[in-house]
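Read the numbers this way: they start at 1 and go in the same order the structure lists the ligands and their atoms.
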Amino acid sequence: MSTASTKGVALITGASTGIGATYADRLAKRGYDLILVARDEARLNALADRLRAEAGVKIEVIKADLTNKADLAKLEDRLATDTAITLLVNNAGASASGGFEAVDRDTHDKLIQLNITAVTRLAAAAAKNFLPRDAGAIINLSSVVGLLPEFRSPVYGATKAYVTYLTQGLRVEFGDSKVRLQAVLPGATRTEIWERSGSDVNALDPNMVMDVDDLVDAALAGFDQGELITIPSLPDAADFDAYNAARLAMAPNLSRNKPAARFANA
Ligand SMILES: NC(=O)c1ccc[n+]([C@@H]2O[C@H](COP(=O)([O-])OP(=O)(O)OC[C@H]3O[C@@H](n4cnc5c(N)ncnc54)[C@H](OP(=O)(O)O)[C@@H]3O)[C@@H](O)[C@H]2O)c1
């Protein structure tokens with residue numbers, strides 16, 4: 001796609017509904033041209049038609065199942081080589097309700113392919129594109145569940161802990177590069193993900209559930225402020241900094257040449 005946009009092109013996965021569709025709306029209104037990716041082509045086309053009319057930007061639709069190796073490889077090639085792309089929103093994701101042993105193995109496998117494998121491969125492709133130009137940004141949709149094993153969603157939570165860790169690790173690895181990174185950690189947000197995974201968002205305390213418009217606007221405000229980790233509902237960002245500082249305070253003792261004294265044989 002050739003583009004005259006000064007912002008360049010944002011590639012958004014999982015753009016057919018929910019958080020991804022809301023990013024599409026906001027980024028189009030910020031002047032980005034868009035590449036919208038998901039499985040439901042009709043929904044993507046309907047969104048693209050609306051946003052072309054409302055924002056006057058160029059939009060391409062790519063139908064892809066990110067758990068399908070061939071679809072994913074095609075998208076990686078595009079992301080690695082199209083220098084018009086300046087932003088990846090690594091958003092497509094799924095959850096699964098039910099106890100660990102009750103969820104069938106294929107469901108867990110698909111979840112890991114979508115939430116971990118696709119996110120990693122697309123981030124790597126974007127890095128190949130962005131790092132040599134010292135420009136561009138990667139936004140990864142994680143979740144507060146990645147901080148909360150107590151939420152009793154061990155596989156989904158672990159995939160999201162991975163996404164946060166990946167983002168923090170890439171920040172270290174990218175060093176002084178101007179390539180921007182952000183992990184967004186939403187709490188419960190009113191989208192189809194609940195229904196799709198067999199849970200009812202209306203069963204939650206409404207004080208815990210954010211509207212998707214508020215969520216994406218806050219996440220983009222965090223992006224504009226240069227945050228690496230954005231938790232849209234957390235009133236005081238210093239709380240996350242303290243959590244991170246506690247982790248780092250352990251660092252000098254996490255690898256030593258002798259076991260700790262409490263493990264010494266009697
Ligand atoms: N909503 C929440 O409470 C919440 C909280 C924390 C984090 N998150 C994270 O935010 C992200 C977006 O979630 P959401 O709430 O907007 O979910 P959603 O409403 O269920 O939307 C998920 C999007 O991903 C796409 N998708 C699903 N499977 C796909 C596949 N195999 N290949 C390609 N696209 C696929 C879906 O489109 P198609 O069906 O058309 O493919 C859809 O566009 C996810 O990573 C989720 O884990 C959500």
Side-chain angles (χ1 to χ4, degrees), residues 11-26 34-48 61-76 88-97 106-107 109-123 139-148 151 153 155-164 166-167 182-206 208-216 218-219 229-234:
L11 188 153
I12 307 167
T13 66
S16 62
T17 185
I19 293 171
T22 309
Y23 266 103
D25 178 273
R26 300 305 193 268
L34 301 177
I35 299 174
L36 305 179
V37 181
R39 293 167 302 181
D40 189 333
E41 200 173 14
R43 276 181 121 178
L44 291 175
N45 279 323
L47 177 63
V61 159
I62 297 180
K63 175 184 159 75
D65 179 343
L66 299 177
T67 65
N68 173 293
K69 276 190 173 171
D71 284 3
L72 183 58
K74 239 189 264 170
L75 202 62
E76 282 176 80
L88 165 65
V89 184
N90 229 340
N91 165 76
S95 176
S97 64
D106 288 345
T107 301
D109 202 35
K110 285 264 177 205
L111 206 67
I112 290 165
Q113 283 175 45
L114 182 63
N115 293 6
I116 292 186
T117 307
V119 167
T120 309
R121 295 187 70 126
L122 295 177
I139 297 174
N140 293 324
L141 266 292
S142 177
S143 167
V144 294
V145 177
L147 298 173
L148 291 170
F151 187 74
S153 189
V155 176
Y156 175 71
T159 67
K160 292 303 175 178
Y162 174 92
V163 173
T164 303
L166 177 75
T167 310
Q182 183 194 28
V184 177
L185 280 61
T189 308
R190 200 173 298 283
T191 69
E192 290 173 16
I193 200 171
W194 297 86
E195 220 180 305
R196 285 176 190 241
S197 66
S199 14
D200 180 9
V201 69
N202 296 315
L204 298 177
D205 174 353
M208 287 177 62
V209 183
M210 196 176 285
D211 281 337
V212 69
D213 290 311
D214 291 338
L215 183 275
V216 173
I229 305 293
T230 295
I231 305 179
S233 65
L234 189 70

Among [options], which residue places a heavy atom closest to [atom]?
{"atom": "atom 25 (C) of ligand 1", "options": "A219, S95, G14", "result": "G14"}
{"atom": "atom 5 (C) of ligand 1", "options": "A42, G187, G20, A188", "result": "G187"}
{"atom": "atom 36 (C) of ligand 1", "options": "A92, A15, G146, S16", "result": "S16"}

Check: Of all the heavy atoms in A21, does at least one lie under 4.0 Å from an atom in ligand 1?
Finding: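 Per 4.0 Å heavy-atom rule, A21 does not contact ligand 1.
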
Give the atoms of ligand 1, by number and element, whose distance to some non-hydrogen atom of [X] is under 4.0 Å.
{"X": "K160", "answer": "44 (C), 45 (O), 46 (C), 47 (O)"}
{"X": "W194", "answer": "1 (N), 2 (C), 3 (O)"}
{"X": "D65", "answer": "30 (C), 31 (N), 32 (N)"}
{"X": "D40", "answer": "40 (O)"}
{"X": "A64", "answer": "32 (N), 33 (C)"}
{"X": "T17", "answer": "19 (O), 21 (O), 42 (C), 43 (O)"}
{"X": "G18", "answer": "16 (O), 19 (O)"}

Check: What do the steps show when you test E192 against R43 for salt bridge (charged side-chain N to carboxylate O under 4.0 Å, His left out), and what is the final call?
Finding: CA-CA 14 Å; E192 290 173 16; R43 276 181 121 178; 2.5 Å; yes

Item checked: N-O pairing of D71 and R39 below 4.0 Å ->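 Not counted as a salt bridge, because no side-chain N and carboxylate O are separated by less than 4.0 Å.
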
Margin query: Please list the nearest protein heavy atom to atom 11 (C) of ligand 1 with its residue and the distance rounded to 0.1 Å.
Written below: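 For atom 11 (C) of ligand 1, the nearest protein heavy atom is N91 O, 3.1 Å.
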
Next item on the list: Say whether, by atom type as modelled, one donor and one acceptor occur between the side chain of Q182 and the main chain of A219 under 3.5 angstrom.
Entry: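 The answer is yes, because a donor-acceptor pair under 3.5 Å joins these two groups.
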
